[in-house]
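Worksheet: the structure to be examined is printed underneath.
Counting starts at 1 for both ligands and their atoms, in listed order.
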Amino acid sequence: MTTSNPLACVVLISGRGSNLAALIKARDSGVIPLEIALVISNKPQAKGLNIARSAGIPVACIEAQDFADRDQFDLKLRQLIEACSADLVILAGFMRILGAPLVNNFSNRIINLHPSLLPKYPGLDTYNRVLEAADPEFGASIHFVTSKLDAGTVISQIRLPVHSTDTAATLASRLQPWEHKLLVATLGLFSKFTVSSNNDMLLIDDKTYEQPFILASDGSLHSACST
Ligand code: GRF
């Protein structure tokens, strides 16, 4: 979004909300011009709802069990998102697949944070899958959301080494602060440029990138190459 207005976001969560907390911190410190218009959870007990409430952010909770089917749930979600005129929808630990009608309605405007180096390990249990495959590195990806699980164009990644002593728990705790940095840096990209996907290629304004941006140790994003 090439605008001097803050990037208006809706954040979807299902649990802890540490990434939401990182976004609130970035907003409050002025690191990125961000407005968090609404936080939506599909779990009423999600701890992240309290983080949002404490920060004075409006919250909504919608549970799948209250809707006849996926389409009805997605329709409600769409109405909530449209009511706040959001530029971007951020899935930060939102544990539910969104249907094609909803995703297509917000084309290039829904992103997800996933704890693996996509396209490796979509879905659950990513850390154990890294260890079982004896991968030398692991990390997290931010990608555009499609109706296929963890499958849209990857925008950015953090890549970290796997140590011989690592367990799923140590991988998860080592990655967590980097996920926060990755999310904030990626939103910085959205606040400055028009970020989109075309034929599974990443576009920043009118430049095409064949590889995702990589987060450096100083928290900045770097591209491998562009065309
Ligand atoms: C993160 O690890 C993210 O990669 C995954 O869900 C987790 C969300 O954590 N999609 P939190 O709720 O933001 O603390």
> Can Leu113 be said to touch ligand 1, with heavy atoms closer than 4.0 Å?
Replying inline: yes

>> I'd like to know if Gly17 contacts ligand 1, where contact means a heavy-atom distance under 4.0 Å to any ligand atom.
In response: yes

For [X] and ligand 1, does the shortest N/O to N/O distance drop below 3.5 Å?
X: Asn112; answer: no
X: Gln176; answer: no
X: Ser18; answer: yes

Considering non-hydrogen atoms of the protein only, which is the closest contact for [atom], and what is the distance?
atom: atom 13 (O) of ligand 1; value: Asn19 ND2, 2.7 Å
atom: atom 4 (O) of ligand 1; value: Glu179 OE2, 2.5 Å
atom: atom 9 (O) of ligand 1; value: Arg16 NH2, 3.2 Å

Are [X] and [Y] close enough that a side-chain donor and a side-chain acceptor fall under 3.5 Å?
X: His143; Y: Thr153; answer: no
X: Gln72; Y: Asp66; answer: no
X: Ser223; Y: Gln211; answer: no

>> For Leu124, I'd like to know if atom CG has over 12 heavy atoms of other residues, nucleotides or ligands within 6.0 Å.
In response: no

> Measuring from Glu132:CD to Tyr121:OH, what's the distance to the nearest 0.5 Å?
Replying inline: 8.5 Å

> Ignoring hydrogens and geometry, is there a side-chain-to-backbone donor-acceptor pair from Thr126 to Pro115 under 3.5 Å?
Replying inline: yes

>> Among Gly15, Ala92, Gly93, which one puts a heavy atom closest to atom 6 (O) of ligand 1?
In response: Gly93

> Any idea how Phe94 and Phe73 line up, ring-wise: parallel (<30°), tilted (30 to 60°), or perpendicular (>60°)?
Replying inline: parallel

